[in-house]
Amino acid sequence: MLCPADDDGDLTAAQCAAMLPRLEAIIGERPHTADGPVLQRRIEDVRQLIDVMKYCVDQDIPLEFC
């Protein structure tokens with residue numbers, strides 16, 4: 001996938017590694033059964049992002065947001 005030329009939306013593996021502890025802490029602060037479907041969806045989105053970021057760290061590849 002090609003990103004627009006003016007979009008520098010990628011994170012290095014090191015940047016992902018630096019963000020992971022805070023994202024995991026945020027998820028840890030939330031109950032497993034969040035109030036409301038919107039909040040529950042956001043929590044699931046963050047969990048999926050954590051999984052992707054861990055993969056990028058393990059493989060030492062950047063994470064690109066386009």
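We use all heavy atoms of the structure for the numbers below, so side chains are in, but hydrogens, waters and symmetry mates are not. Worth saying up front: this structure is predicted, and the values here are computed from it rather than measured.
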May I ask whether F65 and V57 are part of the same hydrophobic cluster, defined by side-chain heavy atoms of I, L, V, M, F, W, Y residues being less than 4.5 angstrom apart, directly or through others?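 F65 and V57: one cluster.
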
Are the side chains of M53 and E24 in contact, using a 4.5 Å heavy-atom criterion?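 Sidechains of M53 and E24: no contact.
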
Within this structure, what is the [atom1]-[atom2] distance for the pair [X] and [Y], rounded to the nearest 0.5 Å?
| X | Y | atom1 | atom2 | value |
| --- | --- | --- | --- | --- |
| Q15 | L20 | CD | CG | 12.0 Å |
| R42 | I26 | CZ | CD1 | 14.5 Å |
| Y55 | I61 | OH | CD1 | 5.0 Å |
| E44 | Q40 | CD | CD | 7.5 Å |
| M19 | L49 | CE | CG | 7.0 Å |

Over all heavy atoms of both residues, which pair between I50 and I27 is shortest? Give the atoms and the distance, please.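 Closest heavy-atom pair between I50 and I27: CD1-CG1, 4.0 Å.
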
What is the minimum heavy-atom distance between P62 and C56, and which atoms define it? O-SG, 4.1 Å

For D60, does the CG atom have more than 12 heavy-atom neighbours from other residues, nucleotides or ligands under 6.0 Å away? no

Salt bridge check, R41 against D45: does any charged N sit closer than 4.0 Å to a carboxylate O?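 Salt bridge present between D45 and R41.
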
